[in-house]
Enquirer: 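Below are the structure tokens for one structure; questions will follow.
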Amino acid sequence: MSAQAQLTDRQLLRLEELLAEPALEQAMRLDEAQGYLCAALSGPQPAPEERWLREVLGDTDEAGDAVREAAELLRRFAAQLQLDLASGQPLMLLLYGGNADDESLSDYTPWCEAYLHGVDAAAEDWFEALGADDEQADSDEIAYLDEQISPLLMLSGDAEAAARDAGDDWPSGPELDRQLVECEEKLPQAVTNIYRFWRAQRSIRTVRRDQPKVGRNEPCPCGSGRKFKKCCGAGPG
């Protein structure tokens, strides 16, 4: 992405304002938009632009200046997110305060809920794409993805709901607080790991579909310049 296409801090603030405009009353908040887009840009196949624009902006028949400006800024926002996620570094999460008594505390729940909505809305189920089968043991890829998604399930409240529905014990007090803090610390890197995992999986699937089997010591077909065993053939690490 060119420097001209990068989203400046001022443009990010403008996007936040636009998402709160009356013309976009069904739009996601900025934190939700970031969470959702991180998932929509990941997965077996990234969601097409028209789909994620509709999800973030909401169903609107308006074609006014606010809608057009928000859409253009969202395109830049998504492009910047892809660069940030591809870097391998922990993502800087855009979070709002969630405690009226201490506004310095960040509310992870809406961000994680929006991300998981992006997972659920994917055209292809993430785990089915990896060959998940209740009758078979999980593959290394499935176990890795499950581990990376775990902080999202914990911070969204989905893990607690599932545990209680199953009649399982759930931690409380200091132990629960400790686990939540650990998940908050892991989340920025986990989101990046998930994006990079799926990017590698897409390369592997393309190789399997379009080309003869690649030797582990041959150059990787993804064009990285590294050997296949050190690149797309390495699996999660």
Side-chain angles (χ1 to χ4, degrees), residues 7 9 12-13 15-16 28-43 46 56 77-122 126-127 130 138-166 168-201 234-237:
L7 201 68
D9 289 343
L12 188 63
L13 289 172
L15 176 58
E16 183 177 28
M28 296 181 180
R29 301 188 320 189
L30 185 59
D31 59 338
E32 296 168 329
Q34 188 191 43
Y36 166 77
L37 283 171
C38 284
L41 298 171
S42 303
V56 175
F77 185 50
Q80 184 67 59
L81 267 179
Q82 286 183 294
L83 285 179
D84 293 341
L85 292 167
S87 74
Q89 299 301 311
L91 182 69
M92 182 175 294
L93 306 184
L94 302 177
L95 301 169
Y96 290 152
N99 190 317
D101 298 325
D102 186 354
E103 293 185 356
S104 67
L105 294 177
S106 297
D107 187 1
Y108 287 79
T109 302
W111 200 101
C112 293
E113 288 178 341
Y115 187 102
L116 294 173
H117 169 64
V119 176
D120 291 339
W126 285 19
F127 288 95
L130 296 173
D138 288 344
S139 65
D140 290 343
E141 288 78 12
I142 292 174
Y144 176 80
L145 182 59
D146 192 50
E147 178 184 0
Q148 301 305 312
I149 289 180
S150 178
L152 289 144
L153 297 173
M154 188 78 175
L155 294 170
S156 69
D158 284 10
E160 179 179 2
R164 296 196 184 282
D165 287 345
D168 296 335
D169 292 334
W170 187 255
S172 60
E175 174 59 20
L176 177 59
D177 292 340
R178 182 188 66 79
Q179 292 188 25
L180 290 173
V181 169
E182 285 184 358
C183 288
E184 291 173 0
E185 293 173 347
K186 291 178 180 178
L187 181 61
Q189 186 64 59
V191 171
T192 293
N193 291 346
I194 293 170
Y195 175 86
R196 289 166 59 85
F197 168 82
W198 279 118
R199 190 177 64 169
Q201 286 295 315

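It should be emphasised that the depicted structure is a prediction, and the values quoted were computed from it without experimental measurement.
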Enquirer: Does some side-chain heavy atom of L91 sit less than 4.5 Å from a side-chain heavy atom of L81?
Expert: yes
Enquirer: Not counting sequence neighbours, which residues clear side-chain contact (heavy atoms from CB on, under 4.5 Å) with E185? List them please.
Expert: V181
Enquirer: Got a sec, which residues hit side-chain hydrogen bond (donor to acceptor under 3.5 Å, both in side chains) with Q179, two or more places apart in sequence or on another chain?
Expert: E175
Enquirer: Should Y108 and L93 count as side-chain neighbours, where that means a heavy-atom distance under 4.5 Å?
Expert: yes
Enquirer: Any chance CG of D165 has more than 12 other-residue heavy atoms, nucleotides or ligands included, within less than 6.0 Å?
Expert: yes
Enquirer: Of all heavy-atom pairs between R199 and A86, which one has the smallest distance, and what is that distance?
Expert: NH1-CB, 3.4 Å
Enquirer: With a 4.5 Å cut-off on side-chain heavy atoms, are C112 and L187 touching?
Expert: yes
Enquirer: If the plane angle is over 60° it's perpendicular, under 30° parallel, otherwise tilted; pick one for Y144 and F197.
Expert: tilted
Enquirer: L130 and side-chain contact (heavy atoms from CB on, under 4.5 Å): which partner among I142, D138, D140?
Expert: I142
Enquirer: Does the side chain of W198 reach to within under 4.5 Å of the side chain of L41, using non-hydrogen atoms?
Expert: no
Enquirer: Residues in side-chain contact (heavy atoms from CB on, under 4.5 Å) with D168, at least two apart?
Expert: A163, A166
Enquirer: Nearest 0.5 Å, what's the CZ-CD distance between F77 and E16?
Expert: 10.0 Å
Enquirer: Quick one: salt bridge (Lys or Arg N to Asp or Glu O under 4.0 Å) pairs with a partner in residues 142-163, sequence neighbours left out?
Expert: E160-R164
Enquirer: Show me the side-chain donor-acceptor pairs of residues 30-40 shorter than 3.5 Å, one per line, residues at least two apart or across chains.
Expert:
| residue | atom | partner | partner atom | Å |
| --- | --- | --- | --- | --- |
| D31 | OD1 | R29 | NE | 3.1 |
| D31 | OD2 | R29 | NH2 | 2.7 |
| E32 | OE1 | R29 | N | 2.9 |
| Q34 | OE1 | L94 | N | 2.8 |
| Q34 | OE1 | W111 | NE1 | 2.8 |
| Q34 | NE2 | M92 | O | 3.1 |

Enquirer: Who pairs with Q189 by side-chain hydrogen bond (donor to acceptor under 3.5 Å, both in side chains), at least two apart in sequence or on another chain?
Expert: N193
Enquirer: Tell me every residue that passes side-chain hydrogen bond (donor to acceptor under 3.5 Å, both in side chains) with E184, counting only those two or more places apart in sequence or in another chain.
Expert: none
Enquirer: Is the shortest heavy-atom distance from the side chain of L180 to the side chain of M154 under 4.5 Å?
Expert: yes
Enquirer: Please lay out, stage by stage, how Y115 and I194 fare under the test side chain to side chain contact (heavy atoms under 4.5 Å, CB included).
Expert: CA-CA 12 Å; Y115 187 102; I194 293 170; 3.3 Å; yes
Enquirer: Please tell me if the side chains of V119 and L152 come closer than 4.5 Å, counting only heavy atoms from C-beta onward.
Expert: no
Enquirer: Going by the rule side-chain contact (heavy atoms from CB on, under 4.5 Å), which residues pair with T109 if we only count those two or more places apart in sequence or in a different chain?
Expert: D107, E113
Enquirer: Going by side-chain contact (heavy atoms from CB on, under 4.5 Å), name the residues that satisfy it together with E182, two or more places apart in sequence or in a different chain.
Expert: R178
Enquirer: Could you tell me which non-hydrogen atom of T192 sits nearest to which non-hydrogen atom of L85, and how far apart they are?
Expert: CG2-O, 3.2 Å
